[in-house]
Amino acid sequence: MHVRTHHCAQLNDTHAGQRVSLAGWVNSYRDHGGVIFIDLRDREGITQIVFHPENAEAHGLADSLRDEDVVSISGTCVARQEGMANPKLATGDIEVDADAVEILNKSLTPPFTPALANGVGEEIRLKYRFIDLRRSRMQEILRTRHQVTKIMRDYFDELGFYEIETPLLCKSTPEGARDFLVPSRINAGDFYALPQSPQLYKQVLMASGVEKYVQIAKCFRDEDPRADRQAEFTQLDLEMSFVSAQEVMDVTEGVMHRIWKGVLDVDLPKFPVMKYHEAMNRFGSDKPDLRYGLELVDVSEIVRQADFRVFTAAMEAGGIVKAICVPGGAKLTRRQTDDLAEWVKQFGVGGLPTTKVEGGKLSTGVAKFLEPVSEALLSQLQASDGDLLCFGVSEKPHVVHRALGELRVRLARELELIDQTQWRCLWVVDFPLFEHDEGSGRWSAMHHMFTSPKPEHIDILESDPGSVIGEHYDLVVNGQELCSGSIRIHNHELQQRIFSLLGYDEQVASERFGFLLEALKYGAPPHGGIAPGLDRIVMQLTGTENIRDVIAFPKTQTGADLMTQAPSPVGDDQLKELQLRPALTVKPD
RNA sequence: GGGGGUGUAGCUCAAUUGGUUAGAGCACCGGACUGUCGAUCCGGAGGUUGCGGGUUCGAGUCCCGUCACCCUCGCCA
């Protein structure tokens with residue numbers, strides 16, 4: 001193998017005349033009978049190699065090269081003659097006239113080639129991930145991800161944070177998401193759980209006097225994946241002692257600013273702050289996308305006058321009516337609005353009343369029912385000709401918010417109302433600490449049960465849990481939740497009260513979280529933290545909509561790794577050692 | 001667990017109402033060609049239409065089941 005002197009993106013006309021050696025993969029070959037061209041690709045780019053028949057040995061070897069063969073070559077860097085340069089290639093002004101080539105490894109004919117992988121199905125890409133990752137797009141994502149973690153580590157080092165690893169084999173705490181379990185051989189019948197997050201360890205680290213902790217931490221949640229969710233994912237996990245929420249937010253904002261600057265050379269503006277209730281009321285979401293309007297407008301009082309039974313019935317039952325005005329939405333066909341109505345039902349509303357604005361008044365749909373109040377409606381919604389009005393109606397206000405919030409996102413996408421050039425970041429704060437589960441009639445923690453209530457709300461914890469606000473903050477970027485954090489409870493009595501409220505008596509709480517309660521008793525400082533999602537940050541930076549694209553070796557929706565074929569059955573001897581026996585009949589191959 | 005979508009050559013796709021031997025581009029193999037750069041030209045090979053069953057004279061196409069992948073509801077403290 002020749003000693004590599006340059007990368008394939010490195011050479012230009014200043015290198016003309018130099019002897020160089022390159023190594024990489026055959027991106028494409030063009031055999032002209034006499035002269036043979038090879039596009040040689042490495043991590044950094046592509047350089048054209050030319051083989052002349054005069055170098056019989058090298059030319060003979062080059063003749064046999066095919067896509068994805070691995071070669072090293074030596075030759076002379078030459079400037080291309082006038083008219084022979086390739087403006088599509090960064091190194092298109094030069095080529096390497098090769099006099100020696102060594103085939104380091106032949107490749108089987110690949111199922112697809114990195115050069116022409118656009119449009120190749122994801123299933124085949126995941127099966128041959130080692131080929132897929134050779135694509136420049138995937139290399140760019142891997143590089144971005146590295147840049148991000150490097151910036152994070154540098155930044156937190158400068159601020160005096162310690163990077164500390166926490167265990168992957170943890171105690172199972174059945175609250176929250178479903179745990180991945182790992183059987184213990186030494187304690188047969190007992191199990192570890194993989195961490196859903198290092199939450200409790202980092203709080204213990206605060207009790208341990210670390211003061212500033214950070215970790216790029218793998219987290220595991222055994223729940224069904226989504227486009228932006230994977231059972232195994234990565235968080236930038238951090239925690240600080242003696243801080244206010246504002247200080248954690250400032251530190252987080254700082255790292256986000258530096259990441260966007262370092263990777264994209266973008267100066268993010270200062271992040272505005274919005275209260276949870278405002279986000280829900282105006283956008284129907286706790287992660288509002290501020291790049292477009294389509295705000296939810298409460299029209300309950302206006303439509304009350306119209307005596308449209310669908311609306312009045314809901315309001316009499318304690319509900320509300322909200323509307324969004326969709327600019328240009330009148331071009332949607334009846335079929336399309338019917339589809340929207342059907343789709344929106346999954347969020348709990350009975351349908352989607354709509355009407356269009358034409359000639360300065362309402363037309364079609366529910367127009368005739370709203371005739372008496374049309375003027376007030378148009379004015380309140382600032383609607384004009386060509387707009388579509390969509391109404392969310394339910395006896396439960398949160399159902400209206402959810403349904404219209406989801407509709408808002410879908411319409412913005414489909415009608416292309418999103419300004420793709422913007423970065424709209426904001427903090428959402430003042431979340432309720434608890435939410436009421438209608439099924440069980442119990443209260444549960446909206447974030448997690450270690451989030452501190454606002455000090456002024458501690459008195460009403462038991463008397464009015466629904467009104468308690470937590471010291472919780474989420475960072476939202478372009479409609480995606482990127483970080484979630486809070487000030488924690490550091491007083492064991494308060495923590496015990498929260499456990500009780502959530503239905504864990506002292507003994508159960510002690511069994512599950514005894515170590516945390518103990519730590520709180522022995523001088524735990526006030527502390528708080530946050531956990532930015534690394535995968536989602538990289539998704540935003542690289543403009544990907546699929547979390548699998550930013551993970552080197554991701555899993556499918558059924559948790560399978562198509563490359564390694566995990567998960568897979570294990571041998572009887574392994575099970576025996578763990579004293580495990582599958583209860584289900586193993587499916588035949 | 002529920003809803004929706006996809007599955008045809010190595011890859012991306014086509015195939016009229018159920019009707020002859022399931023086609024095309026790229027890749028592959030052979031040949032030609034000394035300046036291409038997604039090379040070109042000539043020729044060739046390549047198919048369990050995801051799998052199993054059913055209806056039919058006849059199924060890629062219709063029906064039932066099943067598997068895989070994608071989106072989504074539930075779920076995700």
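Lettering of chains follows the sequences in order, A, B, ..., and the numbering in each one begins at 1.
Look at rG19(B): its Watson-Crick or wobble partner, with both distances under 3.5 angstrom, is rC57(B).
Contact annotation: R226(A) reaches the phosphate of rC73(B) (side-chain N/O to OP1 or OP2, under 4.0 Å). At the phosphate of rA39(B), OP1 or OP2 sits under 4.0 Å from a side-chain N or O atom of R30(A). Within the 4.0 Å cut-off from OP1 or OP2 of rG74(B), at least one side-chain nitrogen or oxygen of R402(A) is found. For rC71(B), one of the phosphate oxygens OP1 or OP2 lies less than 4.0 angstrom from a side-chain nitrogen or oxygen of Q557(A). T558(A) has a side-chain polar atom (N or O) that falls below the 4.0 Å cut-off from OP1 or OP2 of rC69(B).
The backbone N or O of R488(A) sits nowhere less than 3.5 Å from a side-chain atom of Q203(A) that would complete a donor-acceptor pair. R536(A) places no side-chain N or O within donor-acceptor distance of the main-chain N or O of L482(A), the cut-off being under 3.5 Å. Judged purely by atom type and a 3.5 angstrom limit, S486(A) has no side-chain atom pairing as donor or acceptor with the backbone of H472(A). One N or O on the side chain of R442(A) and one on the backbone of L502(A) form a donor-acceptor pair closer than 3.5 Å. In this structure, R229(A) contributes its side chain and D224(A) its backbone to a donor-acceptor pair below 3.5 Å.
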Hey, what are the protein-to-nucleotides 7-9 of chain B N/O distances that come in under 3.5 Å?
none

Any protein N or O atoms within reach of nucleotides 11-15 of chain B? Criterion: under 3.5 Å, listing atom names and distances.
from, atom 1, to, atom 2, distance (Å)
rC11(B), O4', P111(A), O, 3.1
rU12(B), OP1, G121(A), N, 2.7

Identify the pairs formed between an N or O of the protein and an N or O of nucleotides 28-30 of chain B at a distance under 3.5 Å, and give each distance.
from, atom 1, to, atom 2, distance (Å)
rC28(B), OP1, Y29(A), OH, 3.3
rC29(B), OP2, R66(A), NE, 3.4

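Contacts of Y504(A) classified as ring pair (Phe, Tyr, Trp, His ring centres under 6.0 Å), with partners at least two apart in sequence or in another chain: none. Looking at residues two or more places apart in sequence or on another chain, you find no side chain to side chain donor-acceptor pair (under 3.5 Å) involving K171(A). Among residues two or more places apart in sequence or in another chain, the ring pair (Phe, Tyr, Trp, His ring centres under 6.0 Å) test is passed with Y192(A) by none. When the ring pair (Phe, Tyr, Trp, His ring centres under 6.0 Å) test is applied to F37(A), the partners found at least two apart in sequence or on another chain are H32(A). Shown here are the side chain to side chain donor-acceptor pair (under 3.5 Å) partners of T252(A), two or more places apart in sequence or in another chain: there are none. Applying the ring pair (Phe, Tyr, Trp, His ring centres under 6.0 Å) criterion to H436(A), with sequence neighbours excluded, gives W443(A).
Contact of R229(A) with rC76(B) (side chain to base): a donor-acceptor pair of N or O atoms is detected under 3.5 Å. With hydrogens and angles ignored, no donor-acceptor pair under 3.5 angstrom links the side chain of E342(A) to the base of rG3(B). Under 3.5 Å, the side chain of R80(A) and the base of rU36(B) form at least one donor-acceptor pair of N or O atoms.
L501(A) has its side chain out of reach of M449(A): every pair of non-hydrogen atoms, C-beta onward, lies at least 4.5 Å apart.
Among pairs with a residue in residues 76-92 of chain A, none fulfils side-chain hydrogen bond (donor to acceptor under 3.5 Å, both in side chains), at least two apart in sequence or across chains.
Positionally, the nearest nucleotide of RNA chain B for E123(A) lies more toward the 5' end than for the other of E406(A) and E123(A). Remark on RNA chain B: of its neighbouring residues H448(A) and E545(A), the 5'-side contact belongs to E545(A), judged by nearest-heavy-atom nucleotide.
For H32(A), the listed nucleotide lying nearest its side chain is rG35(B); candidates were rU72(B), rG35(B), rC73(B). Residue R221(A) has its side chain nearest to rC76(B) when only rC69(B), rC76(B), rG1(B) are considered.
Contacts of residues 493-514 of chain A with RNA chain B (heavy atom under 4.0 Å): none. Against RNA chain B, the stretch residues 42-50 of chain A makes heavy-atom approaches under 4.0 Å through Q48(A).
Rounded to whole Å, the separation between the C1' atoms of rC26(B) and rA45(B) comes to 15 Å.
Salt bridge present: D69(A) and K106(A) bring a charged side-chain N and a carboxylate O closer than 4.0 Å.
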